[in-house]
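Accompanying notes for the structure given below.
Note on naming: letters A, B, ... go to the chains in the order of the sequence lines (proteins, then strands), and numbering restarts at 1 for each one.
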Amino acid sequence: MEPEHKRKLHARINGWFAENARDLPWRDPECSPWGILVSEVMLQQTPVVRVLPVWHEWMERWPEPAALAAEPSGEAVRAWGRLGYPRRALRLHAAAAAITEVHGGKVPDTHAALLTLPGVGDYTAAAVASFAFGRRETVVDTNIRRVHARLITGNALPSQSLTAAEMRLADSLLPDADAEAVAWNASVMELGAMVCTARSPRCEECPVLSNCAWVQAGRPEPHYIPKGQAWHGTDRQVRGAMMAVLRQAEGPVLRELLLTGPVDLGAPAADSSLSPLGALHALSAPQEQLERALAGLLRDGLAELSDAGVRLPA
DNA sequence: CAATCGTGGCC
DNA sequence: TGGCCAAGATT
């Protein structure tokens, strides 16, 4: 791409960001690298509005990695609440331990070192290196991929999996200077999240509408049909319901209580479908599926067996 | 590369 | 109402 065109895109998108960016706490210049790392992990597949309250709780309770590492991993899982994908909490706890033991309590400041932390992949390593340490990193998330697909490539959606071509494109668009690159990363991501959205993009608000290859091509349909994520009747649904029971429980939960279908235990109130246990039983999952779900939780370290039953890791 | 892994709001 | 989707990582 011509340097002049590239420069124009930078100016327009960064200018839009300066006027329209959300005021998110992890964008505060005072936010610590730890706060930024926690936000990035929480934001993996979870919307900002749901992350906000939990992130504040975590920062107050565990202002630095060592504080989290000093507690059982089950506390991280419980404090994760309903953000989803609870093994992220487990990995964040493990990352805090590694930071404490291997990195002197400080979040590492290079992409390579960050990549060695549990739960930190290429995106998160680049995002933390860029946003927390001001490095020039090629940050590529689902928002940025979608903006590039439309603005440059002219497709409605990015390819189904991250390709080498996409990385090269992102590399070629990244400004040369560190600070410019950091601003560009944040700006394109925000544009994708707020304007160039997956469904019904708000093109009338787009600062680069006149440059958009997808719009100029007449907004062609996607080249493929995204496959939905099955939920009802799946192991994931059962795991989720089971985790809700364990999070809410004070201590161990009787194994039979988790694995048994609806049954009159003489305490009908406790089995209300409004309680986590009631919700689990209301699924009426086959015995085999319940056992498979529990085995999965134990294998993943999200739960453990004690004399008294099943509980979060202590 | 494709499957797996939560949760809830929105259209 | 129900499918779609969200700042991915791991196997």
> Can you tell me how far P of B/dG8 sits from OH of A/Tyr85, to the nearest Å?
Replying inline: 13 Å
> Looking only at atom P, what distance separates B/dA3 and C/dA7, rounded to whole Å?
Replying inline: 23 Å
> Counting any heavy atom closer than 4.0 Å, what does A/Asp300 reach on the DNA or RNA strands: base, sugar-phosphate only, or nothing?
Replying inline: nothing
> If you look at every strand shown and take non-hydrogen atoms under 4.0 Å, does A/Trp26 touch a base, only sugar-phosphate, or nothing?
Replying inline: base
> In whole Å, what separates the C1' atom of C/dT1 from that of B/dG8?
Replying inline: 15 Å
> More 5' along DNA chain C: A/Glu40 or A/Arg91, using each one's nearest nucleotide?
Replying inline: A/Glu40
> Could you walk me through whether A/Arg78 and A/Glu71 pass the salt bridge (Lys or Arg N to Asp or Glu O under 4.0 Å) check?
Replying inline: CA-CA 12 Å; A/Arg78 180 174 278 110; A/Glu71 297 215 37; over 6 Å; no
> Just to confirm, is there a sub-4.0 Å distance from OP1 or OP2 of B/dT7 to any side-chain nitrogen or oxygen of A/Arg247?
Replying inline: yes
>> I want to confirm an ordering. Mapping A/Val49 and A/Leu162 to their closest nucleotides on DNA chain B, which one lands closer to the 5' end?
In response: A/Leu162
> Can you list every pair that meets side chain to side chain donor-acceptor pair (under 3.5 Å) and has a residue in residues 235-249 of chain A, with sequence neighbours left out?
Replying inline: A/Asp235-A/Gln289, A/Asp235-A/Arg292, A/Arg239-A/Asp300
> What nucleic acid atoms does A/Gln229 come within less than 4.0 Å of, heavy atoms only: base, sugar-phosphate, or nothing?
Replying inline: base
>> Regarding A/Val48, tell me which of base, sugar-phosphate or nothing describes its non-hydrogen contacts under 4.0 Å with the strands shown.
In response: nothing
>> Need two values: the first and the last nucleotide of DNA chain C, 5' to 3', having an atom under 4.0 Å from any heavy-atom of chain A.
In response: C/dG3 to C/dT10
>> Looking at A/Arg22, I want to see if its CZ is surrounded by more than 12 non-hydrogen atoms of other residues, nucleotides or ligands under 6.0 Å.
In response: yes
> Under 4.0 angstrom, heavy atoms only, what part of the nucleic acid is A/Leu24 near: base, sugar-phosphate, or nothing?
Replying inline: base
> Whole Å only: how far is the CG atom of A/Asp235 from the P atom of B/dT7?
Replying inline: 14 Å
>> So, taking the atom named CE in A/Met167 and the one named OG1 in A/Thr138, what distance separates them when rounded to the nearest 0.5 Å?
In response: 5.0 Å
> If we take the C1' atom in both B/dC1 and C/dA6, what is their distance in whole Å?
Replying inline: 22 Å
> Taking A/His281 for the side chain and A/Leu257 for the main chain, is one N or O donor matched with an acceptor at less than 3.5 Å?
Replying inline: yes
> What's the CE-C1' distance between A/Met243 and B/dT7, to the nearest Å?
Replying inline: 13 Å
> Expressed in angstrom and rounded to an integer, what is the separation of A/Arg299 atom CZ from B/dT4 atom P?
Replying inline: 12 Å
>> Within the supplied structure, the quantity of interest is the number of heavy atoms (other residues, nucleotides, ligands) at a distance under 6.0 Å from A/Arg255 CZ; does it exceed 12?
In response: no
> Contact class for A/Arg27 vs. all strands (heavy atom < 4.0 Å): base, sugar-phosphate, or nothing?
Replying inline: base
> Within the structure shown, what part of the strands sits under 4.0 Å from A/Arg199 by heavy-atom distance: base, sugar-phosphate, or nothing?
Replying inline: base
>> Counting the atoms with a prime plus P, OP1 and OP2 as sugar-phosphate, which does A/Gly84 contact under 4.0 Å by heavy atoms, base, sugar-phosphate, or nothing?
In response: base
>> Please enumerate all residues that pass side chain to side chain contact (heavy atoms under 4.5 Å, CB included) together with A/Arg136, with sequence neighbours excluded.
In response: A/Leu174, A/Asp176, A/Asp178, A/Ala181
> NA contact type, A/Thr124, heavy-atom cut-off 4.0 Å: base, sugar-phosphate, or nothing?
Replying inline: sugar-phosphate
>> Does A/Leu83 reach a base, just sugar-phosphate, or nothing at all? Heavy atoms under 4.0 Å.
In response: base
> Are any of the side-chain heavy atoms of A/Met194 and A/Trp16 separated by less than 4.5 Å?
Replying inline: yes
> When all nucleic acid strands are considered with a 4.0 Å heavy-atom cut-off, which category describes A/Thr142: base, sugar-phosphate, or nothing?
Replying inline: sugar-phosphate
>> Mind checking if A/Ala127 touches a base, just sugar-phosphate, or nothing, with heavy atoms under 4.0 Å?
In response: nothing
> For the pair made of CZ in A/Arg88 and P in B/dT4, what is the distance, rounded to whole Å?
Replying inline: 19 Å
